[in-house]
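In what follows, a structure is listed as structure tokens, so that the remarks can point back to it.
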Amino acid sequence: MKRLFKAGITALMATTMLVGCGTPSSKSSNEKPKGKVYYLNFKPEADAQWQELAKLYTKKTGVPVTVLTAASGQYEPTLKAEMAKKDAPTLFQVNGPVGLAGWKDYCYDLSGSGVVGQLTSEDFALKDGKQTLGVAYALETYGLIYNKKLLAKAGYKPEDIKSFNDLKRVVEDITARKKSLGFSAFTSSGMEGSSDWRFKTHLANLPIYYEYKADGITTTKAIKGTYLDNYKKIWDLYINNSTVAPSQLSVKKGDDAVAEFVKGSAVFYQNGTWAYNDIAAVGDENLGMLPIYTGVQGEEKQGLCTGTENYWSVNKKASKEDIQATLDFMNWCVTSEEGIKALCGGEGAMPSGEAGMGLVTPFKKNLKSKNYLATIAEEYVKKGLTPVSWNFTTMPSEAWKNGVGSALTTYAAKQTDANWAAVKKAFVDGWAAEAKATKK
């Protein structure tokens, strides 16, 4: 995990590389294509781009490509349902070692394939022994996105916030003056399925990261919850200084938070580089991103959260023709001009003229992203601040995340000691129970 993390930072800072043409030759009119591709996409925000790429590839090669995008927070159940069908996905995603453990019997060995050969480091290959069962395709960063214009209107500069205590002081002052300012501190921390992953997974990464760091480990079957008091501090700050009352969070969606941020209803919005297209209307000149501070000693040296949980895997139970078609499609996506622009590009990157996905990829032909949030992430690395690694790929199961999310929602509605104790129980006892239940 440490090697992957270091390699991820190196790739994040990579400069623009020339793009080759790697486009498959078109099929003649009387030649039937061999095989087909069915991709179960993890990223709802990239659905339009994948649909366009699928049509383009089919037009160029004659190979049928179908893309189904799972709803936010519903990838695992969707994958289980689709894999049970006769025409199952040929290309799907696992989120790291824990995800691989549940799906490795379906994962084709990608060793020696074209897409693996395009990786900038073998650290981006997800392995099981000598087999390569997945390849990372996106490196991402998240933190506290903020509106510079609103922060300045409140009388503060980004440099004023270098710790949790600084953040708390600024946030609570904005809340005290929100009527006169005309905006709140935080967007709604919605706990509906399209948004709750931001807190039961991404925010929960912070106490896991600091516990692993303190104990010198990279995974565990029994989390201790050493930094759960810090988790409570930041969660309390979010929910009590928001655009809505804490009791309303159970029904608030991801789109609600996006709309609040774009309309200027709040200064801070927890999300990552993948959300850039959603909030680009705010203007690059008004966008910034801060680390998620939780009150841990030494956090003034903390950077943003950078890593990946995005690994492509190929279904080895598909036909040989479909496997080869899928491998060819993957390779085209990371080598062709159209594919790499779609993955990495911003405004106008798609053949249709629409924006690309704006990803930072770990492939040799990665383009320097025009995603301004990714540029901010690079600046943090250059400053020498310590990025927070993505440790939520070690979370024992989706059931664990849901247990923590449910407890957080209950606590938000009624902030009692007993309800926070239930969050701790879901976090610690739930981890041990799920780790035992999912043991192979």
Side-chain angles (χ1 to χ4, degrees), residues 1-2 4-5 73-77 79-80 93-105 126-129 133-134 189 191 193 196-236 238-239 250 292 294-297 305 307-309 311 388-440:
M1 181 176 287
K2 289 182 179 178
L4 170 61
F5 179 62
Q74 295 299 309
Y75 192 82
E76 193 70 12
L79 179 59
K80 288 178 180 178
Q93 182 169 319
V94 296
N95 72 346
V98 172
L100 179 62
W103 288 102
K104 66 180 180 179
D105 291 343
L126 187 60
K127 292 182 174 289
D128 182 55
L133 301 185
S189 300
M191 295 305 288
D196 64 348
W197 51 270
R198 294 189 290 141
F199 312 108
K200 68 183 185 184
T201 302
H202 286 188
L203 188 62
N205 182 66
L206 273 298
I208 297 169
Y209 164 76
Y210 277 110
E211 182 171 323
Y212 283 6
K213 185 177 180 181
D215 293 351
I217 60 176
T218 57
T219 189
T220 184
K221 294 180 181 177
I223 201 81
K224 294 185 295 187
T226 310
Y227 293 90
L228 287 184
D229 286 346
N230 302 88
Y231 189 37
K232 182 178 185 295
K233 284 182 180 180
I234 189 65
W235 184 237
D236 283 349
Y238 282 6
I239 64 179
S250 63
I292 300 174
T294 59
V296 176
Q297 186 175 4
C305 303
T308 186
E309 62 168 347
Y311 292 89
V388 173
S389 58
W390 284 22
N391 300 289
F392 46 79
T393 56
T394 68
M395 291 173 177
S397 69
E398 195 67 27
W400 178 85
K401 297 176 188 178
N402 291 338
V404 171
S406 177
L408 285 174
T409 306
T410 299
Y411 170 76
K414 190 176 182 180
Q415 297 170 42
T416 64
D417 290 343
N419 282 341
W420 185 255
V423 174
K424 287 186 174 181
K425 182 177 177 63
F427 207 104
V428 177
D429 295 352
W431 186 293
E434 285 301 307
K436 183 178 180 180
T438 56
K439 183 178 179 182
K440 296 293 179 180

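All figures in this text were calculated on a predicted structure; none of them were measured in a lab. This chain uses plain numbering: 1 for the first residue, then up along the sequence.
Between Lys104 and the choices Val94, Leu126, Asp128, the side-chain contact (heavy atoms from CB on, under 4.5 Å) rule is met once, by Asp128.
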Thr294/Tyr210 under side chain to side chain donor-acceptor pair (under 3.5 Å): CA gap, chis, key distance, verdict: CA-CA 10 Å; Thr294 59; Tyr210 277 110; 5.8 Å; no
side-chain contact (heavy atoms from CB on, under 4.5 Å) between Phe199 and Thr409, intermediate numbers included: CA-CA 10 Å; Phe199 312 108; Thr409 306; over 6 Å; no
Full working for side-chain contact (heavy atoms from CB on, under 4.5 Å) between Leu100 and Tyr311: CA-CA 9 Å; Leu100 179 62; Tyr311 292 89; over 6 Å; no
Pair Ile234-Leu206, side-chain contact (heavy atoms from CB on, under 4.5 Å): steps then yes or no: CA-CA 10 Å; Ile234 189 65; Leu206 273 298; over 6 Å; no
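The shortest side-chain heavy-atom distance between Asn205 and Asn391 falls under the 4.5 Å cut-off. Proximity of Trp197 to Lys401: side-chain heavy atoms (C-beta onward) are nowhere separated by under 4.5 Å. Put simply, the side chain of Ile292 does not reach to within 4.5 Å of the side chain of Val388, judged on heavy atoms. Within the 4.5 Å cutoff, side-chain heavy atoms of Asn402 are placed close to those of Lys200. By the 4.5 Å heavy-atom criterion applied to side chains, Ser397 and Val98 are not counted as neighbours. By the 4.5 Å heavy-atom criterion applied to side chains, Tyr212 and Ser389 are not counted as neighbours. The shortest distance between side-chain heavy atoms of Trp235 and Val423 does not fall below 4.5 Å.
Between the CG atom of Asp417 and the CD atom of Gln415 there is a distance of 11.0 Å, given to the nearest 0.5 Å. One distance of note links CG of Asp215 with OG1 of Thr226; it measures 6.0 Å at 0.5 Å rounding. Atom CG in Asp229 sits 8.5 Å away from atom CH2 in Trp420 (nearest 0.5 Å).
Without hydrogens or angle criteria, Glu211 side chain to Lys224 main chain gives a donor-acceptor distance under 3.5 Å. Not a single donor-acceptor pair under 3.5 Å links the side chain of Trp400 to the backbone N or O of Val428. Checking side-chain atoms of Asp429 against main-chain N and O of Lys424 turns up no donor-acceptor pair under 3.5 Å. Here the side chain of Tyr75 pairs a donor or acceptor atom with the backbone of Gln93 at under 3.5 angstrom. In terms of modelled atom types and a separation under 3.5 Å, the side chain of Trp431 and the main chain of Thr220 share a donor-acceptor contact.
Of all the heavy atoms in Ala426 and Gly403, the pair that sits closest is CB-O, 3.7 Å. Gly73 and Glu398 get closest at one heavy-atom pair: O-OE2, 4.4 Å. Here the closest non-hydrogen pair linking Met191 and Asp196 is O-CB, 3.6 Å. When all heavy atoms of Ser189 and Arg198 are compared, the closest pair comes out as CA-NH2, 4.2 Å.
Here Asn419 pairs with Thr410, Tyr411, Lys414, Thr416 under the side chain to side chain contact (heavy atoms under 4.5 Å, CB included) rule; sequence neighbours left out. Every residue was checked against the ring-ring contact (aromatic ring centres under 6.0 Å, His included) condition with Tyr209, not counting sequence neighbours, and none meets it. Residues passing the side chain to side chain contact (heavy atoms under 4.5 Å, CB included) test with Glu309 are Phe42, Asn95, His202, Trp390, Phe392, Thr393, sequence neighbours excluded.
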